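Comments concern the structure below.
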Amino acid sequence: MTMNSMEGCLASSPPGANLDPAVALFHSLSDATRLAIVQRLAGGEARVADLIAELGLAQSTVSAHVACLRDCGLVVGCPQGRQVFYSLARPELMDLLASAETLLAATGNAVALCPTYGTDTTGDTENGEVVR
């Protein structure tokens, strides 16, 4: 198998192929808080209390996002006494995020300028283009 093989790649899927699992995966990672949790867990396991302190968010918010990531199979919890330590379920998740960072760098972060999903939706337009 070569490094650039498209075998098993979503991009090589025939039209009409079931992309629902990929859509669910990317949707589960489409929230800034969930991405922050994943990035934090890449550095090692953490309790919800640790994530609350580090992210500065409410307990209910962090718990809901951790539950989402857990339900998607991206994080696992290891109970130790009355505490649960969360960690990434699959190291491949970090490979995916590293690839996303490479893609963002290669496109000059063009996704951030996307009028639908971009990070700056308040920019003024001039001739149909966002002015920065």
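Computation of the quantities below employed the complete heavy-atom set of this structure, encompassing side-chain atoms and omitting hydrogens, waters and symmetry-equivalent molecules. This one's a predicted model, so the numbers in the text were calculated from it and none came from an experiment.
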Does any N or O in the side chain of R34 come within less than 3.5 Å of the main-chain N or O of S28, such that one atom is a donor and the other an acceptor?
yes
Within the 4.5 Å heavy-atom criterion, are V76 and Y86 side-chain neighbours or not?
no
Does L93 share a hydrophobic cluster with F26, counting links as ILVMFWY side-chain heavy atoms below 4.5 Å and allowing steps through other members?
yes
Minimum heavy-atom distance G77-P79, with the two atoms named:
O-CD, 3.6 Å
Contacts table for residues 94-103: side-chain donor-acceptor under 3.5 angstrom, sequence neighbours left out:
unit_1	atom_1	unit_2	atom_2	d
S99	OG	D95	O	3.1
T102	OG1	A98	O	3.0

Would you kindly confirm whether I37 and L57 end up in one hydrophobic cluster when ILVMFWY residues are joined by side chain heavy atoms under 4.5 Å apart?
yes
Less than 4.5 Å apart, any side-chain heavy atom of I52 and any of T61?
no
Closest contact, heavy atoms only, L88 versus L41:
CD2-CB, 3.9 Å
Provide the closest heavy-atom pair for D31 versus T33 in the form atom of the first, atom of the second, distance.
OD2-N, 2.8 Å
Just by distance, do the side chain of D50 and the backbone of R47 share a donor-acceptor pair under 3.5 Å?
yes
Test log, rule side chain to side chain contact (heavy atoms under 4.5 Å, CB included), inputs V84 and V48:
CA-CA 8 Å; V84 178; V48 168; over 6 Å; no
Side-chain heavy atoms nearer than 4.5 Å, only ILVMFWY residues, links allowed to pass through others: does that put V38 and F85 together?
no
Quick one: does R40's side chain get under 4.5 Å of L55's, heavy atoms only?
no
Might you point out which heavy atoms bring V75 and S87 nearest each other, and give the distance in Å?
CG1-O, 3.0 Å
As a quick check of understanding, evaluate side chain to side chain contact (heavy atoms under 4.5 Å, CB included) for L74 and R90, giving each step before the final call.
CA-CA 7 Å; L74 300 176; R90 304 290 311 181; over 6 Å; no
Do S63 side-chain atoms and S60 backbone N/O form a donor-acceptor pair below 3.5 Å?
no
